[in-house]
Amino acid sequence: MQATVILPNGEVDSIPLLQEDAARMRQLQELVGGHIETVSLPGERCMVINENGKDGPHMINNTATAIAHEAQAIMPSDYVAGVAVILPVEVLE
């Protein structure tokens, strides 16, 4: 299964997700740099972000923020900070 990684600098990449649930959770936590929070997106997808991504120094992820705003998944005044990963919802079930 593949996921899309969106870096704060706008770079986008596709990566394979690990098969085993616990290993995949660790992989996602490493990618976003901490505990994960999910943001629902249309089409049975979600965006995984760092739940504490706005604490301390951080970079606004304009690409991920635009995707979340378009999906009306976050408030208009809110934003996504740090790395975001988009994947099918079924991966987290």
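Residues P16 and Q27 share a closest heavy-atom pair of O-NE2, 3.1 Å. The heavy-atom pair separating N61 from G82 by the smallest distance is ND2-O, 2.9 Å. The nearest pair of heavy atoms linking G53 to H58 is O-CB, 3.2 Å. Counting all heavy atoms, side chain and backbone alike, A73 lies closest to V39 at CB-CG1, 3.3 Å. Summarising the geometry of I36 relative to E51, their closest heavy-atom pair is O-OE1, 4.0 Å, with the distance given to 0.1 Å. Considering every non-hydrogen atom in both M75 and H69, the closest pair reads O-NE2, 3.2 Å.
Taking OH of Y79 as the start and CE of M59 as the end, the distance is 12.5 Å to the nearest 0.5 Å. Residue L31 holds its CG atom at 14.0 Å from CD1 of I49, rounded to the nearest 0.5 Å. A distance of 9.0 Å separates SG of C46 from CD1 of I86, quoted to the nearest 0.5 Å. Taking CZ from R26 and CG from D21, the interatomic distance works out to 10.5 Å, rounded to the nearest 0.5 Å.
V12 and M47 fall within a single hydrophobic cluster, where Ile, Leu, Val, Met, Phe, Trp and Tyr are joined by side-chain heavy atoms under 4.5 Å apart, directly or via other members. I6 and I60 sit in two unconnected hydrophobic clusters of ILVMFWY residues. Membership requires side-chain heavy atoms under 4.5 Å apart, directly or through other members. The cluster map of Ile, Leu, Val, Met, Phe, Trp and Tyr, joined by side-chain heavy atoms under 4.5 Å apart, puts L92 and V89 in different clusters. Side-chain heavy atoms closer than 4.5 Å link hydrophobic residues (I, L, V, M, F, W, Y) into clusters, and following such links, even through other members, never connects V5 to V80.
Of the possible donor and acceptor atoms, none in the side chain of N52 sits under 3.5 Å from a partner among the backbone N and O of D55. In this structure, R24 contributes its side chain and L18 its backbone to a donor-acceptor pair below 3.5 Å. Judged by distance alone, with hydrogens and angles left aside, the side-chain atoms of N50 form a donor-acceptor pair with the main-chain N or O of G33 at under 3.5 Å.
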Note to self: Checking L41 against I67 for the side chain to side chain contact (heavy atoms under 4.5 Å, CB included) test, could you report, in this order, the C-alpha distance in whole Å, the side-chain angles of both residues, the deciding distance, and whether it holds?
What the structure shows: CA-CA 9 Å; L41 297 175; I67 291 168; 4.2 Å; yes

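Note on residues 5-19: pairs passing side-chain hydrogen bond (donor to acceptor under 3.5 Å, both in side chains), not counting sequence neighbours, are Q2-S14.
Between H35 and Q29, the closest side-chain pair of non-hydrogen atoms falls below 4.5 Å. Two residues are said to be in side-chain contact when any heavy atoms from C-beta on lie closer than 4.5 Å; V32 and V85 meet this criterion.
Salt-bridge check for D78 with K54: passed, with a basic side-chain N closer than 4.0 Å to an acidic carboxylate O.
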